[in-house]
Amino acid sequence: MTPIDWDKDLNPEQREAVLFGDGPLLVLAGAGSGKTRVLTYRYAHLVYEREVYPSRMLAVTFTNKAAAEMRARIEKQIGEGVGGWIGTFHSISSRILRQVAPRVGFDPHFTIFDADDQRSLIKSICRDHGLDPTSERIGRVRAYVSRLKTDRGNIPEPESPMEEEAARIEPVYTQTLRRMNAFDFDDLLVVPIEIFQEDPHLLEEYASRFRYLLVDEYQDTNWVQNELVRMLSSVHGNVAAVGDDDQSIYRWRGADVKNILDFEETFPNAHVIRLEQNYRSTKPILDAASAVIENNVSRRGKRLWTDKPGGDLLTLQRFFTDREEGMSIARDIQRRVRMNMNRFSDFAVFYRTNAQSRSLEDGLRLHAVPYRLIGGLRFYERKEVKDLLAYLRLLANEADDLSFARILNVPARGVGAKSREHLVAHAKERGQSLLEAVRSGAPVPGLTSRAAGRIGELGALLGRYSERARDEAPHDLVRDLAEEIGLVRFYESKEGEKGLLRGENIDELIAALADFERRKPSGNLVDFLAEVSLLTDIDSWDEGQEAVTLMTLHNSKGLEFPRVYIAGAEEGLLPHARSMMDESQLEEERRLFYVGLTRAMEKVTLSHVGSRLRYGEIAPAIPSRFLKEIPEELLEKIGALPSAGRGGIGAAARPYSSGRSLFDEPEPAHDAFPDYENESQEQPVFRFEAGDGIRHASWGDGRVTRVEGSGMDTKITVEFRAGFTKKIMVRYASLEHLPRKRGR
DNA sequence: TTCCCTGCCGTTTTT
DNA sequence: CGGCAGGGAA
Ligand SMILES: Nc1ncnc2c1ncn2[C@@H]1O[C@H](COP(=O)(O)OP(=O)(O)OP(=O)(O)O)[C@@H](O)[C@H]1O
């Protein structure tokens with residue numbers, strides 16, 4: 001146990017927030033000012049000094065990972081296990097929903113539908129209604145349904161024909177969910193609220209229980225979440241919320257920054273505390289971030305200062321291609337680690353879109369830099385994992401027709417689309433779920449005897465396993481099940497090499513289940529499925545792992561790293577092309593950039609490229625407007641900046657400047673390479689001449705004796721100090737020019 | 001019914 | 001470029 005030193009660990013404002021007594025409290029403060037620390041210490045203080053039972057506390061974090069971290073910190077401080085509820089809005093409301101379900105006529109074994117399940121369901125409903133299930137239509141219906149649930153504060157009147165269509169589909173969608181005893185992500189939040197509205201006694205039960213509420217990242221709560229906080233605090237009135245309006249980056253999914261800005265209206269007599277000292281970043285980083293966010297008009301201004309002396313300038317790098325960007329970042333990281341200046345886990349690379357990770361990953365792999373990718377395709381969203389999970393979901397919840405339909409022919413049983421339609425029609429006729437209809441043994445009209453036989457076998461199989469599920473450890477059961485249906489063999493025979501990988505993921509799922517049983521011995525299959533549905537990639541991120549972290553800017557919220565790269569600082573990417581229509585979207589993009597910058601403790605390296613591979617095509621790119629918002633004197637600009645008429649890879653990778661010659665006019669100001677083209681110390685990446693001194697990441701220093709090829713394909717022969725000579729493909733090597741006197 | 005091939009489309013961000 | 005749905009052939 002680490003005894004809490006209230007004086008040493010907290011500044012006076014933080015201490016005020018931690019020790020604050022009863023009533024609503026808002027800590028509105030900038031990045032890195034110790035808001036999360038306030039919440040953690042307040043929790044510990046309430047439990048340790050004021051002797052509030054953890055069971056009477058409720059703490060809400062943005063990710064499961066943050067929840068686990070907070071719990072661990074508190075336990076370390078007070079020296080004992082903390083059993084109170086600490087979790088995300090979704091995990092907390094799904095717990096409430098499961099608890100109250102039997103009392104309001106729901107089955108607590110309900111299934112949670114993820115985005116993928118939602119899409120499948122909407123798709124099948126569209127088909128039933130004779131609508132072509134285009135991905136656009138599915139997306140719009142999904143967005144509409146979601147908005148209807150999470151933004152009940154201002155219910156949208158259907159305006160466009162598309163919205164009217166969505167409005168017609170919505171009731172069917174919701175009814176179908178209920179019939180399948182399933183809830184989507186938004187339901188998890190909104191259904192408990194509806195239940196509380198209908199049954200004030202039930203609400204009172206919960207609201208009385210939670211004497212103190214603590215909520216992190218309040219700026220990104222949506223209407224339902226705000227409502228839930230309001231309701232749960234309605235008896236004791238002790239809400240402590242912390243957040244930063246400048247870090248609100250989820251408006252696109254319904255978050256409303258008004259929840260934090262109007263906190264004092266929602267919770268009258270709220271005490272507001274501001275924190276102004278930043279403990280995370282060096283001054284140049286903090287000043288750059290502040291200067292950027294100043295450009296937003298709609299914000300509550302904040303002051304932020306640091307007493308950290310010195311600090312490196314931010315670096316802005318420019319590359320010809322995204323490929324080079326990845327290579328250079330990797331080389332940079334590898335170099336610092338080899339020189340024992342950092343460890344891999346000190347670094348994070350952020351980007352706007354998941355698609356950007358590819359070129360970055362390629363670079364890291366080529367330079368043998370270990371990395372961990374957060375986001376993109378999640379483990380539990382993989383096809384093979386969802387296939388096996390569908391079996392488990394059916395064992396837990398027989399009404400889950402979506403899962404039944406999914407596994408009906410996985411692995412292949414000779415039961416195709418036609419047979420499935422017959423079965424679906426039959427079940428509908430009888431008012432049963434698919435599995436019930438199969439179990440009943442009643443003949444399905446239209447089915448071939450072969451198909452009927454196979455379906456019968458499936459029903460029997462599921463019956464056997466649901467028997468076993470009563471008293472056997474889930475992971476044993478699942479291992480046997482996967483073995484018996486031959487899932488791994490199925491993928492292998494169908495997809496070969498790739499199927500092998502799927503097999504590995506099946507094994508990993510079984511291992512995850514075993515791990516869950518170890519962690520939560522009292523947990524059952526339903527608990528596991530719920531946990532898995534609400535798990536995100538970042539939750540399984542292990543900081544201790546010696547690896548560079550790759551993630552989107554969105555995922556970086558709340559984290560911190562010594563050295564941060566922000567790749568792809570380009571128009572169309574950051575700000576994203578689809579968020580440039582109006583000023584408010586643009587401001588959210590700027591906040592995203594601000595969040596990224598403020599994650600860094602020691603160093604920020606920004607990069608942009610001249611052309612980027614998109615959809616397999618070369619697309620030109622120009623630097624982000626946000627870069628100009630960083631004061632010149634905080635920025636060190638380096639990189640391969642071309643000048644007109646020069647050969648080498650620059651010309652090839654830069655379609656809009658090809659054809660230029662030394663005699664062309666200077667490039668106009670709106671060109672891709674504004675301002676700093678002439679002032680930077682030029683260090684073209686792959687330009688070598690015989691006689692150059694170089695440093696290789698593993699072979700040390702040497703001198704170039706011969707150069708072959710050009711651009712990306714340059715090969716150089718190097719005599720190393722250590723006495724050996726090597727031929728090196730410049731593109732793949734971790735090379736660095738040693739200082740030399742070459743004019744610009 | 002299955003499997004293979006073609007052609008189309010996607011990229012914003014995610015609980 | 002890559003994944004996947006849908007169409008056509010075995
Ligand atoms: N009083 C303090 N003295 C020293 N370090 C502190 C203090 N308060 C917080 N810190 C440190 O500063 C860093 C940022 O703290 P924290 O994550 O709580 O800030 P935050 O306001 O939640 O940040 P953000 O909003 O950017 O996520 C952490 O490394 C934390 O340990």
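Everything quoted here is computed from the prediction, not taken from an experiment. So you know, we letter chains A, B, ... as the sequences are listed, proteins then strands, and number each from 1.
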(message) Applying a 4.0 Å non-hydrogen cut-off, can you work out what A:R358 is touching in the nucleic acid: base, sugar-phosphate, or nothing?
(response) sugar-phosphate

(message) If I take atom CZ in residue A:F89 and atom C1' in nucleotide B:dT14, what distance separates them, rounded to the nearest angstrom?
(response) 16 Å

(message) Without decimals, in angstroms, what is the distance between A:L574 CG and B:dT13 C1'?
(response) 11 Å

(message) Need one value for A:T536: base, sugar-phosphate or nothing, where a base atom within 4.0 Å counts as base even if backbone is also close, heavy atoms only.
(response) sugar-phosphate

(message) Rounded to whole Å, how long is the line connecting atom CE of A:M551 with atom C1' of B:dT15?
(response) 16 Å

(message) What's the closest nucleotide to the side chain of A:S419 if the choices are B:dT13, B:dT2, B:dT1?
(response) B:dT1

(request) Answer with base, sugar-phosphate or nothing: what part of the nucleic acid does A:R378 contact at a heavy-atom distance below 4.0 Å? (result) base

(message) Expressed as a whole number of angstroms, how long is the span from A:D537:CG to B:dT13:P?
(response) 13 Å

(message) I want to confirm an ordering. Mapping A:E136 and A:L592 to their closest nucleotides on DNA chain B, which one lands closer to the 5' end?
(response) A:E136

(request) Just compare B:dT15, B:dT13, B:dT11 and give me whichever is closest to any side-chain atom of A:A355. (result) B:dT11

(message) B:dT14, OP1 or OP2 - any side-chain N/O from A:N354 closer than 4.0 Å?
(response) yes

(request) Quickly, which of A:K386, A:R393, A:R119, A:R378 forms a salt bridge (Lys or Arg N to Asp or Glu O under 4.0 Å) with A:D114? Name it, please. (result) A:K386

(message) Can a side-chain donor-acceptor contact be found between A:Q99 and A:Y206 if the only test is distance below 3.5 angstrom?
(response) yes

(request) Side chain of A:R127 only, please: which of B:dT15, C:dC1, C:dG6 is the nearest? (result) C:dG6

(message) Under 4.0 Å, heavy atoms only, any strand: does A:D186 hit a base, just the sugar-phosphate, or nothing?
(response) nothing

(request) Counting heavy atoms from C-beta on, name the nucleotide in B:dT2, B:dT14, B:dT11 closest to the side chain of A:N409. (result) B:dT2

(request) Evaluate whether the aromatic ring of A:Y615 and the six-membered ring of the B:dC9 base sit under 5.5 Å apart, centre to centre, with an inclination under 30°. (result) no

(request) Grab the CD1-P distance between A:I249 and B:dT14 for me, whole Å please. (result) 9 Å

(request) Measure the distance from CG on A:D216 to P on B:dT15 and round it to the nearest whole Å. (result) 16 Å

(message) I need the CD-P distance between A:E361 and C:dG2, as an integer number of Å.
(response) 13 Å

(request) Between A:Q585 and A:R420, just flag the one whose closest nucleotide in DNA chain B comes earlier from the 5' side. (result) A:R420

(message) If you only use heavy atoms from C-beta on, which nucleotide in B:dT13, B:dT14, B:dT2 is closest to the side chain of A:A412?
(response) B:dT2

(request) Check whether any side-chain heavy atom of A:L366 sits under 4.5 Å from a side-chain heavy atom of A:M327, and report yes or no. (result) yes

(message) Let's go through A:S584 and A:E588 carefully: what are the C-alpha distance in whole Å and the side-chain angles of both, what is the deciding distance for side-chain hydrogen bond (donor to acceptor under 3.5 Å, both in side chains) to 0.1 Å, and is it a yes or a no?
(response) CA-CA 6 Å; A:S584 72; A:E588 180 144 315; over 6 Å; no

(request) Could you tell me how the ring of A:H90 sits relative to the ring of A:F185: parallel (under 30°), tilted (30 to 60°) or perpendicular (over 60°)? (result) perpendicular

(request) Look at all strands and tell whether A:D114 reaches a base, only sugar-phosphate, or nothing, counting heavy atoms closer than 4.0 Å. (result) nothing

(message) Of the listed nucleotides (C:dC1, B:dT13, B:dT15), which one gets closest to any side-chain atom of A:F185?
(response) B:dT15

(request) Answer yes or no: does a side-chain N or O of A:T552 lie under 4.0 Å from OP1 or OP2 of B:dT13? (result) no

(request) Identify whether the distance between the nearest side-chain nitrogen and carboxylate oxygen of A:D184 and A:K149 falls below 4.0 Å. (result) yes

(request) Take the protein atom CG of A:L408 and the nucleotide atom P of B:dT2, then report the distance between them rounded to whole Å. (result) 10 Å

(message) Just N and O in the side chain of A:N555: are any of them under 4.0 Å from OP1 or OP2 of B:dT13?
(response) no

(message) Heavy atoms from C-beta onward define the side chain here; which of B:dT15, C:dA5, B:dT13 lies closest to that of A:K123?
(response) C:dA5

